[in-house]
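What follows is a set of notes on a single structure, which appears directly below.
Residue numbers begin at 1 in each chain, while the letters A, B, ... track the order of the sequences. Because the structure is a prediction, the values reported are computed rather than measured.
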4 protein chains.
Amino acid sequence: MGTGTTRKGGASARTVRAEGRWTRRKDARPAELLAAALDLFVERGYAGTRLDDVASRAGVSKGTLYLYYSSKEELFKAVIREGLVPVYEHGERMVDAHSGSAEDLIRNLLRAWWEMIGATNLGGIPKLMIAESGNFPEVTRFYFDEVVSRGRKLVARAVRLGIESGEFRDLPVDQIVRLMLAPVMLMAVWRYSFAFCDTTPLDPDSYLKLHVDVLLNGLRATEPALA
Amino acid sequence: MGTGTTRKGGASARTVRAEGRWTRRKDARPAELLAAALDLFVERGYAGTRLDDVASRAGVSKGTLYLYYSSKEELFKAVIREGLVPVYEHGERMVDAHSGSAEDLIRNLLRAWWEMIGATNLGGIPKLMIAESGNFPEVTRFYFDEVVSRGRKLVARAVRLGIESGEFRDLPVDQIVRLMLAPVMLMAVWRYSFAFCDTTPLDPDSYLKLHVDVLLNGLRATEPALA
Amino acid sequence: MGTGTTRKGGASARTVRAEGRWTRRKDARPAELLAAALDLFVERGYAGTRLDDVASRAGVSKGTLYLYYSSKEELFKAVIREGLVPVYEHGERMVDAHSGSAEDLIRNLLRAWWEMIGATNLGGIPKLMIAESGNFPEVTRFYFDEVVSRGRKLVARAVRLGIESGEFRDLPVDQIVRLMLAPVMLMAVWRYSFAFCDTTPLDPDSYLKLHVDVLLNGLRATEPALA
Amino acid sequence: MGTGTTRKGGASARTVRAEGRWTRRKDARPAELLAAALDLFVERGYAGTRLDDVASRAGVSKGTLYLYYSSKEELFKAVIREGLVPVYEHGERMVDAHSGSAEDLIRNLLRAWWEMIGATNLGGIPKLMIAESGNFPEVTRFYFDEVVSRGRKLVARAVRLGIESGEFRDLPVDQIVRLMLAPVMLMAVWRYSFAFCDTTPLDPDSYLKLHVDVLLNGLRATEPALA
DNA sequence: TATGAATGAGGATTCATTCAT
DNA sequence: TATGAATGAATCCTCATTCAT
């Protein structure tokens with residue numbers, strides 16, 4: 001998987017002779033391993049995943065794993081650490097760069113989250129982290145600080161913008177943030193848990209749209225009749 | 001451990017049911033076992049839970065577990081099966097008996113869910129089921145059919161009531177149902193995953209109140225400005 | 001092995017019904033396991049010994065070992081700890097009780113050491129400890145303090161007796177002690193290392209006799225020529 | 001490590017042997033490798049020593065080891081084979097060349113053994129061989145024949161000289177030989193096992209002197225009073 | 001019904017060995 | 001000649017399950 005696509009980027013292929021096959025391989029390995037591990041951890045949980053399976057899904061032998069990660073736990077930590085943080089860094093730049101209505105910003109944020117995380121296999125990480133929180137308190141704390149908290153802060157900035165500009169009513173920001181995130185987060189979790197049972201599956205786009213519409217409508221300040 | 005004292009309380013039950021002196025005990029055991037198993041499964045996951053620990057938490061020996069459940073998997077299934085179904089039966093009777101506004105019904109349903117499930121240790125079951133869905137497809141299907149689907153239907157009836165009565169706008173019911181459930185469900189999952197990291201914890205009551213307020217406000221039909 | 005002989009002690013066999021078969025078994029287990037472990041550790045070294053082999057030599061399964069010793073290292077420690085210490089306690093009582101010439105005491109001590117340790121399979125412990133000293137510093141220290149040091153002190157008391165009574169010349173005691181112990185110790189080590197190569201094996205009794213004769217003769221005070 | 005300096009000394013050897021520029025190096029490698037291997041084998045035992053560590057201590061990569069020794073076992077054999085044999089050849093020439101009293105010869109032999117073996121890191125070989133005798137019977141036999149037996153024969157010649165010349169009593173030679181060797185041998189073994197625990201360490205020179213004094217005194221023929 | 005000793009299959013981890021470069 | 005990435009057999013250890021009492 002990763003190998004094929006990587007090779008496409010012919011630019012680097014030009015230097016193949018200089019780097020040697022192994023060099024290219026060695027550089028690609030960690031990413032391949034993490035991808036395989038993520039898939040299996042999400043599907044079967046930490047304990048239910050055999051390193052043998054991770055290895056063979058990544059197309060290497062069991063021993064090779066240990067050249068890159070010194071234990072199953074380290075592999076798990078790497079999956080969590082390397083997973084979402086980069087995406088959130090992107091998100092922060094997005095908010096920094098924004099100019100326009102809070103409403104637009106929120107729409108964009110939630111949509112971006114879905115597109116970059118929820119709809120990709122990174123979306124399995126929240127489920128994984130929920131499942132294993134009890135067994136890895138330190139990793140959980142890392143995830144909470146680096147992902148959950150940052151995500152909340154991101155959205156909180158947008159909400160505060162809206163309140164300050166008068167777009168939204170003045171409601172407790174941290175609660176609003178949770179209300180905003182819950183449906184998207186849960187939809188991601190759902191994909192990796194109950195989706196296969198669900199005979200009336202959701203269309204993510206329209207669900208997302210409805211969520212934002214209803215929520216923003218509920219928040220809107222221009223609502224004299226309802227107060 | 002708790003066994004001795006429990007037996008005491010069985011004195012009256014013994015005469016009432018006119019059964020052998022072990023009957024009360026026999027009935028009580030599974031409940032104790034299931035409670036212990038639920039707690040541990042939720043905390044550590046299925047694979048991470050040792051039957052030894054379940055047994056000692058329930059105050060019995062490991063062998064005794066096998067008198068009641070023929071395998072770890074059966075114990076797990078029982079935890080799921082006996083857990084939420086009775087509560088949902090209660091919920092159905094609640095909707096059947098309701099007369100009044102859809103708004104009130106929804107308020108009552110969500111509050112009842114929280115009080116009977118979210119705030120008790122039954123609230124761990126959704127987390128557990130999410131975590132183990134990949135390893136137990138059949139149990140997951142059972143849970144989905146008997147719990148998730150029923151819950152959705154329950155809420156769907158209330159939403160439809162509101163639409164029919166003109167309280168709510170005419171929006172896709174199944175999506176609205178999900179929007180309604182997501183925050184409460186996630187709050188329950190949170191209690192068993194990230195809560196211990198969260199330095200700004202939520203007050204469930206005010207959060208629930210806000211959720212219903214904002215959501216119902218967003219749904220309200222009297223909203224000419226938004227069309 | 002241990003089982004059969006244990007059963008002989010009919011006195012305890014009388015209470016068999018009361019104790020049950022397992023009880024007797026359970027009590028005997030640690031000793032059986034330690035005996036098997038000692039033999040194999042001595043023969044193959046720590047790393048070269050598989051717990052599987054220890055178990056099957058003791059007539060139990062691999063898992064049973066772990067009911068008594070929580071790891072291979074703990075088993076090793078137990079082998080060392082339970083091995084020689086009791087014998088040395090016996091030796092100390094021997095010196096305490098002694099009255100007579102220092103020469104006799106030394107003869108008795110060395111002979112007793114050989115009979116109780118060197119000639120039994122406890123004699124493998126010094127070899128084992130020498131071989132593994134680098135890998136288990138703490139155990140080595142324990143062994144040194146509880147066995148080596150005590151043994152030296154024991155013999156030192158006897159030597160000092162002889163010097164004080166005028167039987168021996170006044171020579172550095174700690175060096176004399178080492179000279180006294182070296183041949184017996186090495187003979188024990190030899191049994192578990194090179195003995196199988198040695199086509200001219202030693203008769204321990206006559207060797208021991210010669211050692212004591214030559215050594216005591218060398219120490220003797222009535223040696224005008226050497227002063 | 002030592003490589004650079006060693007290479008320097010090879011300048012003349014290169015021209016003498018008229019071989020490729022790597023020849024000197026090629027010859028040097030095994031010595032470096034054997035030295036590294038000896039140190040680690042002695043410290044940790046055969047099984048406890050990783051070839052990775054041997055390689056890095058010798059300053060080469062793991063693969064390089066295999067250019068010189070086809071397996072770990074071959075490396076071990078080489079360590080034993082190349083270790084003491086040359087020294088014993090030297091010892092034999094020493095006895096051949098000797099003229100003088102048996103007493104002097106024995107003093108010289110034991111002192112030479114200590115200086116060339118016991119006090120150097122070759123002294124670890126006896127410990128190593130004791131520890132691994134059970135796992136390498138063939139190597140043990142080699143060692144026994146080429147080292148132990150030769151050493152005994154060497155000393156036996158000296159003892160017989162003394163008996164024939166009337167210096168010593170007529171006692172069983174093979175046992176006397178063992179008595180002679182035991183303290184020095186054990187002192188060497190000690191350095192690599194319990195020395196680090198020993199708070200009252202031995203001065204090898206005075207110990208050796210005392211040993212020879214007491215032993216030879218014990219052997220002396222002019223002892224009418226003691227018979 | 002209750003116990004807990006015993007079992008052994010399963011999986012994480014290590015490390016000697018190979019081999020493409 | 002030298003490297004070090006890759007391999008997989010070997011072994012420790014865990015824990016669900018059994019069964020004699």
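An OP1 or OP2 oxygen of F:dA6 is reached within less than 4.0 angstrom by a side-chain nitrogen or oxygen of A:Arg29. At E:dA6, one or more side-chain N or O atoms of C:Tyr68 fall inside 4.0 Å of OP1 or OP2 (strictly under the cut-off). A sub-4.0 Å separation between OP1 or OP2 of E:dA16 and a side-chain N or O of D:Lys72 is present. Remark: D:Ser61 is in phosphate contact with F:dT3, judged by side-chain N or O atoms under 4.0 Å from OP1 or OP2.
When each of A:Lys62 and B:Thr49 is assigned the nucleotide of DNA chain F bearing its nearest heavy atom, the one mapping closer to the 5' terminus is A:Lys62. Position along DNA chain E of the nearest nucleotide to D:Tyr66 versus A:Ser71 favours A:Ser71 as the more 5'-ward residue.
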Encoded 5' to 3' (Watson-Crick or G-U under 3.5 Å; [ ] crossing; | other strand), DNA chain E becomes .||||||||||||||||||||
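Taking atom CG on C:Leu67 and atom C1' on F:dT17, their separation rounds to 14 Å, with Å as the unit. A straight line from CD of D:Glu74 to C1' of E:dT17 spans 14 Å, rounded to a whole angstrom. Between the CZ atom of D:Arg44 and the C1' atom of E:dC15 there is a distance of 14 Å, given to the nearest Å. Following rounding to the nearest Å, A:Asp52 (CG) and E:dA9 (P) show an atom-to-atom distance of 18 Å. Distance, D:Asp53 CG to E:dA16 P: 9 Å, rounded to whole Å. As a whole-Å value, the separation of C:Leu33 CG from E:dA5 C1' is 13 Å. In this structure, B:Leu65 places its CG atom 14 Å from C1' of F:dT18, rounding to the nearest Å. In this structure, B:Asn135 places its CG atom 14 Å from P of F:dA16, rounding to the nearest Å.
Aromatic ring centres of A:Phe136 and A:Tyr46: separated by under 6.0 Å.
At least one donor-acceptor pair under 3.5 Å links the side chain of B:Lys127 to the backbone N or O of B:Val42. When atom types are taken as modelled, the side chain of B:Lys72 and the backbone of B:Thr49 share a donor-acceptor pair closer than 3.5 angstrom.
Side-chain contact between D:Met129 and D:Phe142 is absent, with no heavy-atom pair separated by less than 4.5 Å.
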Working note: D:Arg29 + D:Val60, criterion side chain to side chain contact (heavy atoms under 4.5 Å, CB included); need CA distance, chi angles, decisive distance, verdict.
CA-CA 9 Å; D:Arg29 272 289 147 74; D:Val60 301; 3.7 Å; yes
Please evaluate residues D:Glu132 and D:Phe76 with respect to the criterion side chain to side chain contact (heavy atoms under 4.5 Å, CB included), reporting the C-alpha separation (whole Å), side-chain torsions for both, the decisive distance (0.1 Å), and the verdict.
CA-CA 10 Å; D:Glu132 302 300 337; D:Phe76 176 72; 3.9 Å; yes
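A distance of 10.5 Å separates CD1 of B:Ile80 from CG of B:Leu34, quoted to the nearest 0.5 Å.
Nearest nucleotide to the C:Leu51 side chain, out of E:dA2, E:dC15, F:dC12: F:dC12.
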